[in-house]
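For reference, the structure discussed in these notes is given below.
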Number of protein chains: 2
Amino acid sequence: MKEETGSNIDLIIENLFSIKPLLSKDYTKVIRNKSNHTHGTLLVLGTLHNYGKLSMSEIGCYLAVPKPTVTTLVDRLIADDLVERLNDPADRRIIYIQITKKGMDDYNSIKKEISLEMKERLQLLSKENLSILSTASQQVKEILILIPSDPCHPCNPSTENLNKK
Amino acid sequence: MKEETGSNIDLIIENLFSIKPLLSKDYTKVIRNKSNHTHGTLLVLGTLHNYGKLSMSEIGCYLAVPKPTVTTLVDRLIADDLVERLNDPADRRIIYIQITKKGMDDYNSIKKEISLEMKERLQLLSKENLSILSTASQQVKEILILIPSDPCHPCNPSTENLNKK
DNA sequence: AATAATGGTTACAAAAGTATAACTATTAAC
DNA sequence: GTTAATAGTTATACTTTTGTAACCATTATT
């Protein structure tokens, strides 16, 4: 283990790195078997669910996805009435995407399916571990969400790419 | 909030659900811009990194990915010398996949890239929050990893799918 | 008013991921 | 020893995702 900048941060990163794959499985399973979504569309839906309405660019930033991809993802969601476009009267270039009632319901039902998968696995843990996990996961969530998803000002995935080549 | 089965578990699920998207961004960015990997190949590499050698089926189970997809993912990794096939002398049907030195190095360097992205964001947090996050993420990781990735006995994504139709 | 910058879309081509089914090789069961 | 089950691959057709570039429409700059 290196000491580098702040070993606290390095440890956190190490931990987050390990946690992520442990969370992916249930998602993948449900997306594949019990929803009409792809990873992409569900990510967009989830982001809107969490952050409210977002512009196309912002969605791209939150998900680190190029703008043209955002367009197609949103198009598919709109085709299913899960989200809708809203014009910004102040700046008519901007289009906000907002989740619809149907989108909320859909997202929640997928969430429920994923929960069922997770629950099966979590139930194998001891009461103590569940209790610790409950507190700890709460803390992780609350702190991570504090981080300003900064890159959403200077970030434009596709142009960022261009700069690099 | 419903009370349902065990509200502890429900809370945990709710938290994990929120955490996941917060972790995805840096991965996606690095995969796209600073590696030759796709989501799939990096997931396989990461799984092997964490669990040691696994059979093809086990990889599919851990990632909830159909067997033919595992084959193509592993093929690509092998082409780059990042993993290798090992025969099981006891059962010659089974092929174990093991990460190579080069694979380890590659994984670690990607990890480092992702860490840099994460670090930028984590540094915006207060010392207290970092300290809490450090402990909490450690706990989450340690407990989640305790869960036997059970479905790897009765789970065979492709046949599981068949049963459902 | 002309020019540049920004937010989004459109249009391809290429790579990646998925589902399904058929297939080989090996092991297990009867 | 024949049959069934398991582990993995191959084949194919299809959908998603990506990269790149050109393209509107609108706003900002001068």
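Keep in mind that this is a model prediction, so the values were computed, not measured. Chain identifiers are assigned alphabetically (A, B, ...) following the order of the sequence lines, protein sequences preceding nucleic acid strands; residue numbering begins at 1 within each chain.
- Summarising the geometry, the separation between CG on B/L86 and P on D/dG8 is reported as 12 Å, rounded to the nearest angstrom.
- The distance between atom NZ of A/K67 and atom C1' of D/dT17, rounded to the nearest whole Å, is 18 Å.
- In this structure, the nucleotide among C/dG8, D/dG8, C/dA19 sitting nearest to the side chain of A/S57 is C/dG8.
- Ring orientation note: the planes of A/Y62 and A/Y51 are tilted relative to one another, at an angle of 30° to 60°.
- The CD1-C1' distance, from B/I94 to C/dT24, rounds to 16 Å in whole Å.
- The CD1 atom of A/I13 sits 10.5 Å away from atom CD of B/E117, with the distance rounded to the nearest 0.5 Å.
- Applying the side chain to side chain donor-acceptor pair (under 3.5 Å) criterion to A/Q139, with sequence neighbours excluded, gives no partner residue.
- Salt bridge annotation for A/D75-A/R85: present, with a cationic side-chain nitrogen under 4.0 angstrom from a carboxylate oxygen.
- A/L63 places its CG atom 15 Å from the C1' atom of D/dT16, with the value rounded to the nearest Å.
- Phosphate contact (OP1/OP2 of C/dG8, side-chain N/O of A/T71, threshold under 4.0 Å): absent.
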Considering only nitrogen or oxygen atoms on both sides, find all protein atoms under 3.5 Å from nucleotides 3-6 of chain C and state each distance.
from: C/dT6; atom 1: O4'; to: A/R93; atom 2: NH1; distance (Å): 3.4
from: C/dT6; atom 1: O2; to: A/R93; atom 2: NH1; distance (Å): 2.9

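- Considering only the side chain of A/P68, D/dA21 comes nearest among C/dG8, D/dA21, C/dT20.
- Nucleotide C/dT9 holds its P atom 14 Å from the OH atom of A/Y96, rounded to whole Å.
- Ion pairing of A/K101 with A/D105 is present here, as a side-chain N (NZ or NE/NH1/NH2) and a carboxylate O approach within less than 4.0 Å.
- Residues B/D75 and A/D91 both approach DNA chain D. Their nearest nucleotides, taken by heavy-atom distance, put B/D75 toward the 5′ side.
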Could you pull out the protein-nucleic contacts involving nucleotides 15-17 of chain C (nitrogen or oxygen on both sides, under 3.5 Å)?
from: C/dG17; atom 1: OP1; to: B/T38; atom 2: OG1; distance (Å): 2.9
from: C/dG17; atom 1: OP1; to: B/G40; atom 2: N; distance (Å): 3.1
from: C/dG17; atom 1: OP2; to: B/R76; atom 2: NH1; distance (Å): 3.4
from: C/dG17; atom 1: OP2; to: B/R76; atom 2: NH2; distance (Å): 2.3

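- The side chain of A/P66 lies closest to D/dG19, out of C/dT27, D/dG19, C/dG8.
- For the side chain to side chain contact (heavy atoms under 4.5 Å, CB included) test, residues two or more places apart in sequence or in another chain that qualify with A/L116 are A/E113.
- B/D91 pairs by the side chain to side chain contact (heavy atoms under 4.5 Å, CB included) definition with B/D88, B/R93, B/I94, not counting sequence neighbours.
- Protein atom NE2 of A/H37 is 16 Å distant from nucleotide atom P of C/dT18, rounded to whole Å.
- Following rounding to the nearest Å, A/K34 (NZ) and C/dT18 (C1') show an atom-to-atom distance of 19 Å.
- Applying the side chain to side chain donor-acceptor pair (under 3.5 Å) test to A/D106 and every residue at least two apart in sequence or in another chain returns A/H37.
- Here D/dT27 is the nucleotide among C/dT27, D/dT27, D/dA7 with the atom lying nearest to any side-chain atom of A/R92.
- No option in A/L42, A/I59, A/L63 other than A/L63 meets the side chain to side chain contact (heavy atoms under 4.5 Å, CB included) test with A/T47.
- The separation between A/I97 atom CD1 and C/dT9 atom P is 7 Å, rounded to whole Å.
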